[in-house]
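In the text below, chain A, chain B and the rest are named by the order of the sequence lines, each starting its count at 1.
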Amino acid sequence: MTEHPIRTRFAPSPTGMFHVGSARSALFNWALARQQDEGRFVLRIEDTDAARNKPEWTEGIVQALAWLGIGDSDPHFEGPYFQSSYAGKHRETAERLYKEGRAYYCDCTREQVQERRDNPNLGYDGFCRDRGLEPGPGRALRFRVPEGGPTVVEDAIRGRVEFDHTSIEDFVIARADGSPLFALANVVDDVEMGITQVVRGEEHLSNTPKQQLLWQALGHTPPGWAHLPVIVNEKRQKLSKRRDKVALEAYQQEGFLPEAMVNYLMLLGWSPGEDREIMPWSQMEPLFAVSDVNSSSAFFDEKKLRAFNGEYIRALATEEFIDRCRPWLDPEVAPWPEEGYDEDAFRAIAPLAQSRVAVLSEIVANVDFLFLDEPVFDEQSWTKAMKPGVGAEMLSAALERFADPGLAWEAEALKTALEEVGQSHGLKLGKAQAPVRVAVTGRSVGLPLFESLELLGRGRTRQRIDAALARLNA
RNA sequence: GCCCCCAUCGUCUAGUGGCCUAGGACGCCGCCCUUUCAAGGCGGUAACGCCGGUUCGAAUCCGGUUGGGGGUACCA
């Protein structure tokens, strides 16, 4: 056993978007490649002619892979390659197939084929099979599907899948202008690269017999196949970029950790077979086996992803957590003015926020009150906390109590102080803190209040309570 | 229509004939802790689609059925 190259393929889009399904496929391939000494994971980009020689379209994919930890510095990683690398070979192969009689030219239009079909259930009827047409304008090249059959696809996940040749039409491998189609290009590329194992989405299962026939016609042994279950939405339809949130980048921007994403994605169709699901990549990689992959479709459950993400965030060292929050703290994107940001204050409050965010972007709403000139009031919170007989009374009393220079401005003392103020109004701390919290942070839920007040300082705290009182009376 | 795939709690799954009165995780619900909200602790809810076989015994094997999904282009 010398070499077991493995490859997966991604279709780029003009936005460079990377589909979560592709990400899972990449991860599975990556694990497989790394398990073998000479395993290779090949990133080959295939798309229409329009995508040729436009590596910038695929930049997003390369970056997304790097984000997941699939780096091109690893000897197991190869690529990205572009379809154009083998463009010449594609045409050459088409010609060879024609010369060997494995393919023939056909000048039928779609309409003609349709009219001729007495049975609308069949595809192309083989009309030009024996007409001996020469290459020429308006003539596409069709592969001559051999009589007999069936073609048997041995799939590592699904087992033996049979396709009767009567159900495989003579498919087009090159357009009238000579340009090759996906089916041909795909096989030629794989042959050229010495691919021995193909792990890809189930949507490709139906065209596998065609590819296998092509491999054989070219005189090669087809690779081993493994067709992964489709990832679906809540309506159990294949995740589509039109209606579903599928871009890995979208999750990245929301503040999902790559570790969590990798962990979650690996569990979509596969299980390490242990009583725990939170498992780092380093432990999953050697455990992964394509034969253990499930064959039924899997729902992409963002709730579970969030839960995983929260776990990974909490497991971060504080310093690391602070660091990872940086992109959302950037004054370019953050809602506060640049001069409002206080690094020390953030570092002090970060540990309190760490267990409260499920995705990193939520850090903003947790700490914005510290850096904003004035809090942004959530109306529901306001109405709830500022009820008549409680809101104004608590605020005035707190304002007065906080003015006392004898009151040390630190969390413990502030808590005791507000507790006392509450008591004198017949309120437990739970109720008493609400108006102050809303006045100072703008919301009824948030980080522990007294630590927040301590960081905000006496002056700004009193100023905000004062402002809230004014707002109440307005 | 035709071809192909799939079928265990709401979801992701464990389970490859007896260890299953079906296990875990997420969600959900309740309780505890508690300055709000989280986190944490404890407990709970909830599934083998249906019908036939095979077998002493079936979630596990076979057939059918129903229901999902994918593919059916001179797209990729």
Side-chain angles (χ1 to χ4, degrees), chain A residues 9-13 46-48 51 83 106 108-110 119-124 138-142 153 155 157-159 161-164 166-169 171-183 185-186 201-209 227 229-230 232 234-238 264 267-278 294-308 310-311 314 352-358 362 366 381 385 411 414-415 418-419 422 428-434 436-438 441 443-452:
Chain A
R9 161 180 15 88
F10 306 112
S13 72
E46 286 170 328
D47 210 292
T48 57
Q83 191 185 43
C106 166
C108 301
T109 63
R110 189 188 303 245
N119 185 348
N121 300 332
L122 267 28
Y124 180 69
R139 292 176 180 178
L141 188 62
R142 285 184 184 272
V153 172
D155 189 279
I157 296 172
R158 279 146 229 282
V161 185
E162 283 192 23
F163 295 86
D164 198 285
T166 55
S167 68
I168 309 174
E169 62 177 340
F171 54 97
V172 174
I173 55 177
R175 299 181 183 86
D177 67 2
S179 62
L181 264 79
F182 170 78
N186 188 234
E202 194 203 321
E203 62 270 23
H204 295 284
L205 183 56
S206 328
N207 61 40
T208 304
H227 288 92
V230 179
V232 298
E234 60 288 336
K235 287 156 80 182
R236 304 218 70 89
Q237 298 162 312
K238 185 173 80 164
Y264 179 71
L267 261 24
L268 240 35
W270 178 74
S271 158
E274 294 183 20
D275 266 6
R276 68 199 167 108
E277 293 191 320
I278 300 288
N294 248 31
S295 39
S296 48
S297 55
F299 169 58
F300 190 90
D301 187 358
E302 197 175 324
K303 275 190 175 170
K304 187 158 179 170
L305 209 211
R306 281 178 68 88
F308 274 38
E311 288 239 20
R314 274 171 256 129
L352 296 177
Q354 192 168 355
S355 69
R356 274 162 249 258
V357 297
E362 286 172 358
N366 273 281
S381 298
L414 288 169
K415 179 184 175 186
L418 199 64
E419 219 159 15
K428 295 205 170 185
L429 191 50
K431 294 271 184 201
Q433 55 93 42
V436 177
R437 177 183 291 279
V438 173
T441 70
R443 303 184 184 89
S444 58
V445 301
L447 268 23
L449 182 60
F450 305 107
E451 284 80 355
S452 301

Between Asn294(A) (CG) and A59(B) (P), how many Å, whole number? 19 Å
If pairing requires Watson-Crick or G-U wobble contacts with both distances under 3.5 Å, which nucleotide is the partner of C61(B)? G53(B)
Indicate, with a heavy-atom threshold strictly under 4.0 Å, whether Ala307(A) touches base, sugar-phosphate, or nothing. sugar-phosphate
OG-CD distance between Ser295(A) and Glu202(A), expressed to the nearest 0.5 angstrom: 8.5 Å
Measuring only the P atom in each nucleotide, how far is G44(B) from A59(B)? A whole number of Å is fine. 24 Å
Under 4.0 Å between a Lys/Arg side-chain N and an Asp/Glu carboxylate O for Arg306(A) and Glu362(A)? yes
When all nucleic acid strands are considered with a 4.0 Å heavy-atom cut-off, which category describes Gly138(A): base, sugar-phosphate, or nothing? base
What does Leu267(A) touch in the nucleic acid at a heavy-atom separation under 4.0 angstrom: a base, only the sugar-phosphate, or nothing? sugar-phosphate
If you look at every strand shown and take non-hydrogen atoms under 4.0 Å, does Leu447(A) touch a base, only sugar-phosphate, or nothing? base
When the P atoms of U55(B) and A14(B) are considered, how many whole Å apart are they? 30 Å
Polar atoms only, N or O, under 3.5 Å: list the protein pairs with nucleotides 21-24 of chain B and their distances.
from	atom 1	to	atom 2	distance (Å)
G24(B)	O2'	Asp275(A)	O	3.1
G24(B)	N2	Glu277(A)	OE2	2.6

Inter-nucleotide C1' distance (A47(B), A7(B)), Å rounded: 12 Å
Glu451(A) near the nucleic acid: base, sugar-phosphate alone, or nothing, with a heavy-atom cut-off under 4.0 Å? base
In whole angstroms, how far is the P atom of C28(B) from the NZ atom of Lys303(A)? 5 Å
Distance between the C1' atoms of U54(B) and C61(B), in whole angstroms? 8 Å
Minimum-distance nucleotide to Arg142(A) side chain [options: G10(B), U13(B), C74(B)]: C74(B)
Please give me the minimum heavy-atom distance between Val436(A) and Ala432(A), naming the atom from each residue. CG2-O, 4.3 Å
Which nucleotide, if any, forms a Watson-Crick or G-U wobble pair with A38(B), using both distances under 3.5 Å? none
Contacts of Phe163(A) that satisfy ring pair (Phe, Tyr, Trp, His ring centres under 6.0 Å) - sequence neighbours left out: none
Along RNA chain B (nearest heavy atom to each residue), the more 5'-positioned of Phe300(A) and Arg356(A): Phe300(A)
Paired to C48(B) by Watson-Crick or G-U wobble criteria (both distances under 3.5 Å) is none
For the pair made of CZ in Phe299(A) and P in C26(B), what is the distance, rounded to whole Å? 16 Å
Look up atom OH in Tyr264(A) and atom CG in Asp301(A), then write down how far apart they are to the nearest 0.5 Å. 5.0 Å
Go through G71(B), C12(B), A39(B) for me and flag the one nearest to the Ser355(A) side chain. A39(B)
Please report, rounded to the nearest Å, how far the P atom of A14(B) is from the CH2 atom of Trp270(A). 10 Å
Is Arg236(A) close enough to C12(B) that one of its side-chain N or O atoms is under 4.0 Å from OP1 or OP2 there? yes
Please report, rounded to the nearest Å, how far the P atom of U36(B) is from the NZ atom of Lys428(A). 11 Å
Go through the steps to decide whether Val172(A) and Leu141(A) satisfy the test side-chain contact (heavy atoms from CB on, under 4.5 Å), and finish with yes or no. CA-CA 6 Å; Val172(A) 174; Leu141(A) 188 62; 5.9 Å; no
Atom pair CZ/CG of Phe450(A) and Leu418(A) - distance to nearest 0.5 Å: 4.5 Å
Which listed nucleotide (C4(B), U35(B), G70(B)) is nearest to the side chain of Phe163(A)? C4(B)
Can you check the distance between C20(B) and C2(B), where both ends of the measurement are the P atom (answer in whole Å)? 44 Å
Does U72(B) have a Watson-Crick or wobble mate here (both distances under 3.5 Å), and if so which one? G1(B)
Regarding Gly273(A), tell me which of base, sugar-phosphate or nothing describes its non-hydrogen contacts under 4.0 Å with the strands shown. nothing
Roughly how far apart, to the nearest Å, are A22(B) and C32(B) at atom P? 29 Å
For Arg306(A) and A39(B), give me the distance from atom CZ to atom P, rounded to whole Å. 11 Å
Measure from the side-chain N and O atoms of Arg236(A) to the backbone N and O of Ser297(A), and report whether any donor-acceptor pair falls under 3.5 Å. yes
Could you walk me through whether Val153(A) and Glu162(A) pass the side-chain contact (heavy atoms from CB on, under 4.5 Å) test, one step at a time? CA-CA 6 Å; Val153(A) 172; Glu162(A) 283 192 23; over 6 Å; no
Quick check for you: among C26(B), U35(B), A76(B), whose closest atom lies nearest to any side-chain atom of Pro448(A)? U35(B)
Quickly work out the Asp164(A) CG to C2(B) P distance and round it to whole Å. 15 Å
Strictly by modelled atom types, are Ser179(A) and Arg175(A) linked by a side-chain donor-acceptor pair under 3.5 Å? yes
Can you give me the N/O atom pairs linking the protein to nucleotides 41-51 of chain B at distances under 3.5 Å, or say none if there are none?
none

Could you list the residues that satisfy salt bridge (charged side-chain N to carboxylate O under 4.0 Å, His left out) with Glu274(A), not counting sequence neighbours? Arg276(A)
Enumerate all atom pairs, one protein N or O and one N or O from nucleotides 62-67 of chain B, separated by less than 3.5 Å.
none

Across all strands, who's sitting opposite A7(B) as a Watson-Crick or G-U wobble pair, both distances under 3.5 Å? U66(B)
Using the P atom on both, measure U65(B) against C3(B) and round to a whole Å. 13 Å
Could you measure between the two C1' atoms, the one in C19(B) and the one in G10(B), and give it in whole Å? 29 Å
Grab the NZ-P distance between Lys415(A) and U34(B) for me, whole Å please. 9 Å
Got a second to check how far Leu429(A)'s CG is from Leu449(A)'s CG, nearest 0.5 Å? 8.5 Å
Would you give the length of the straight line joining atom OH of Tyr124(A) to atom CZ of Arg142(A), rounded to the nearest 0.5 angstrom? 5.0 Å
Measure from the side-chain heavy atoms of Glu169(A) and tell me the nearest of A73(B), U11(B), A14(B). A73(B)
Compare side-chain N and O positions of Arg175(A) against OP1 and OP2 of A76(B) and report whether any pair is under 4.0 Å apart. yes
Check this one for me: any side-chain N or O of Lys431(A) less than 4.0 Å away from OP1 or OP2 of U36(B)? no
Residue whose closest nucleotide on RNA chain B lies nearer the 5' end, Arg110(A) versus Arg314(A): Arg314(A)
Quick one: CD on Gln354(A) to CG on Leu447(A), what's the gap to the nearest 0.5 Å? 11.5 Å
Under-3.5 Å N/O pairs linking protein and nucleotides 5-7 of chain B:
from	atom 1	to	atom 2	distance (Å)
C5(B)	O2'	Arg158(A)	NH1	2.5
C5(B)	O2'	Glu202(A)	OE2	3.4

